[in-house]
Amino acid sequence: MRLGKMHKLGDVVLTHIQFTDTFESKKRPAVVLFEELGNIIVAGITSNVRMQGILLTKKEGAIKESIIKLNYIFTISEKMIEKDLFSLTEEKKKLLVSELNRRLENEKVVVQTS
């Protein structure tokens, strides 16, 4: 039996994130892409608006103008979520999924058969 909240696409959470270039972890916001079996796939959010990604505004719930970084996707445990912050609008969720699909479709996959 599950005890916590089931997180879904577009939930913005405050979570502990381990950085790829160090063993440190810090509390950072992230947007949930999907959850399965207690593992949550998220995209990081940064307040550095010069970075590429999807703009997230104060009007939408961010503390300050931010960017959803689709090049910074990782898996966290549900236990790493400190709190739920807000949820993206339906329009922003559609944009998020569309941009993820576009990026995945641009990848060239070569499958060799024997």
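Not measured: the values here are computed from a predicted model.
Considering every non-hydrogen atom in both Lys64 and Ser47, the closest pair reads CE-CB, 3.6 Å.
The distance from the CD1 atom of Ile17 to the OH atom of Tyr72 is 5.5 Å, given to the nearest 0.5 Å. Here the straight-line distance linking atom CZ of Phe74 with atom CG of Asn39 works out to 13.0 Å at 0.5 Å rounding. Atoms CG and NE2, from Leu14 and His16 in turn, are 7.0 Å apart once rounded to the nearest 0.5 Å. In this structure, the separation between OG1 on Thr57 and NZ on Lys92 is 6.0 Å, given to the nearest 0.5 Å. To the nearest 0.5 Å, atoms CD1 (Ile41) and CG (Leu9) are separated by 12.5 Å. Taken from CD1 in Ile40 to CE in Met6, the straight-line distance is 8.5 Å, to the nearest 0.5 Å.
For Arg102 and Glu105, the salt-bridge test fails: no basic side-chain N is under 4.0 Å from an acidic carboxylate O. Salt-bridge formation is not detected for the pair Lys94/Glu91: no Lys NZ or Arg NE/NH1/NH2 atom is positioned less than 4.0 Å from an Asp or Glu carboxylate oxygen. The pair Arg103-Glu99 counts as a salt bridge, with a side-chain nitrogen and a carboxylate oxygen less than 4.0 angstrom apart.
By the criterion of side-chain heavy atoms lying less than 4.5 angstrom apart, applied directly or through intervening Ile, Leu, Val, Met, Phe, Trp or Tyr residues, Val32 is not grouped with Leu85; the two fall into different hydrophobic clusters. No continuous path of hydrophobic side-chain contacts links Val49 to Ile68 [ILVMFWY only; heavy atoms under 4.5 Å]. Follow the hydrophobic side-chain contacts under 4.5 Å out from Leu96 and you reach Ile73 in the same cluster. Neither Val31 nor Val13 shares a network with the other; the hydrophobic side chains, linked directly or stepwise wherever heavy atoms of I, L, V, M, F, W or Y lie under 4.5 Å apart, form separate groups for each. In the hydrophobic clustering of ILVMFWY residues, with side-chain heavy atoms under 4.5 Å counting as a link, Ile76 and Phe34 come out apart.
Across Ile45, Leu55, Ile54, a single residue satisfies side-chain contact (heavy atoms from CB on, under 4.5 Å) together with Ser66, and that is Ile45.
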Decide side-chain contact (heavy atoms from CB on, under 4.5 Å) for Lys8 and Glu35; before the verdict, give the C-alpha distance in whole Å, the side-chain angles of both, and the deciding distance to 0.1 Å.
CA-CA 7 Å; Lys8 60 189 182 314; Glu35 177 178 4; over 6 Å; no
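At a threshold of 4.5 Å between non-hydrogen side-chain atoms, the residues Leu95 and Leu88 do not count as touching.
In this structure, Thr46 contributes its side chain and Ile67 its backbone to no donor-acceptor pair below 3.5 Å.
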